[in-house]
Amino acid sequence: MLVINFHPFQNLETERLLLRRIDNTDVNEVFALRSNASTMQYIPRPLVQNDQEALAHITMINDKIENNEGINWAITIKGNPKLIGIIGHYRIQPQNYRAEIGYMILPEYNDQGIITEAIKEVVRFGFEEMQLHSIEAIIDPRNLASERVLQKNGFVKEAHILENEFFDCKFIDTVIYSLLKRNFKG
């Protein structure tokens with residue numbers, strides 16, 4: 001079985017980005033992300049209502065890192081520490097050498113290739129550092145931007161599952177994309 005250890009925490013860098021640990025000073029940006037109906041429209045989770053809920057989200061992220069259950073990074077532009085998005089590995093299945101990748105970005109940073117660039121580096125970390133065999137992404141089928149960014153990074157559609165989640169008084173579909181280590185072109 002895969003042994004996960006996120007200690008010490010590793011920052012990641014790309015040509016334009018620094019992916020760093022999220023901390024309580026990011027509360028305003030986490031609130032902006034998680035309280036924005038547009039940003040959250042394809043994420044079946046309640047909107048954050050206040051700074052306390054944003055801080056609780058940050059605490060949950062850091063508790064998962066401390067317990068080696070998941071890892072998230074703040075997406076920042078090099079030279080500017082402001083969090084503009086979050087990306088990470090969730091729902092790690094050590095017994096299957098598999099994890100789920102998730103990401104979100106403030107709307108003003110859409111369509112700049114930032115998520116594509118961040119995914120490439122987080123996937124590299126998953127395969128090379130965590131020794132994952134496969135990485136999945138579970139998205140809302142209406143989220144065409146997320147579908148495109150996954151395809152750009154070599155993910156392939158595995159399944160479209162009908163009405164398998166219940167959120168906000170309705171059933172919603174999910175689509176599963178995945179990437180095997182042997183198909184990763186870092």
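Contact of the Leu132 side chain with the Arg98 side chain is not registered, since no non-hydrogen atoms from C-beta on lie closer than 4.5 Å. Using a 4.5 Å heavy-atom threshold, the side chains of Ile86 and Trp73 count as separate. With contacts defined as side-chain heavy-atom distances shorter than 4.5 Å, the pair Thr76/Pro81 does not qualify.
In terms of modelled atom types and a separation under 3.5 Å, the side chain of Asn36 and the main chain of Thr39 share a donor-acceptor contact. With hydrogens and angles ignored, the 3.5 Å screen pairs no side-chain donor or acceptor of Asn67 with any backbone N or O of Glu69. A donor-acceptor pair under 3.5 Å is formed between the side chain of Asp26 and the backbone N or O of Asp23.
Ile65 contributes atom CD1, which lies 10.0 Å from atom CE of Met60 (distance to the nearest 0.5 angstrom). Considering CZ of Phe155 and CD1 of Ile101, their distance stands at 5.0 Å, rounded to 0.5 Å. Here CE of Met130 is found 9.5 Å from CG of Asn68. Values are rounded to the nearest 0.5 Å.
Tested against Ser146 for a side-chain hydrogen bond (donor to acceptor under 3.5 Å, both in side chains), the candidates Tyr42, Tyr103, Tyr177 yield a single pass: Tyr103. Partner of Ser178 under the side-chain hydrogen bond (donor to acceptor under 3.5 Å, both in side chains) criterion, out of Glu100, Lys157, Glu158, Glu136: Glu158 alone.
With no hydrogens or angles considered, no side-chain donor-acceptor pair links Arg21 and Asn72 at under 3.5 Å.
In this structure, Tyr97 has no side-chain hydrogen bond (donor to acceptor under 3.5 Å, both in side chains) partners at least two apart in sequence or on a different chain.
Atom NZ of Lys181 sits in a crowded spot, with more than 12 heavy atoms from other residues, nucleotides or ligands closer than 6.0 Å.
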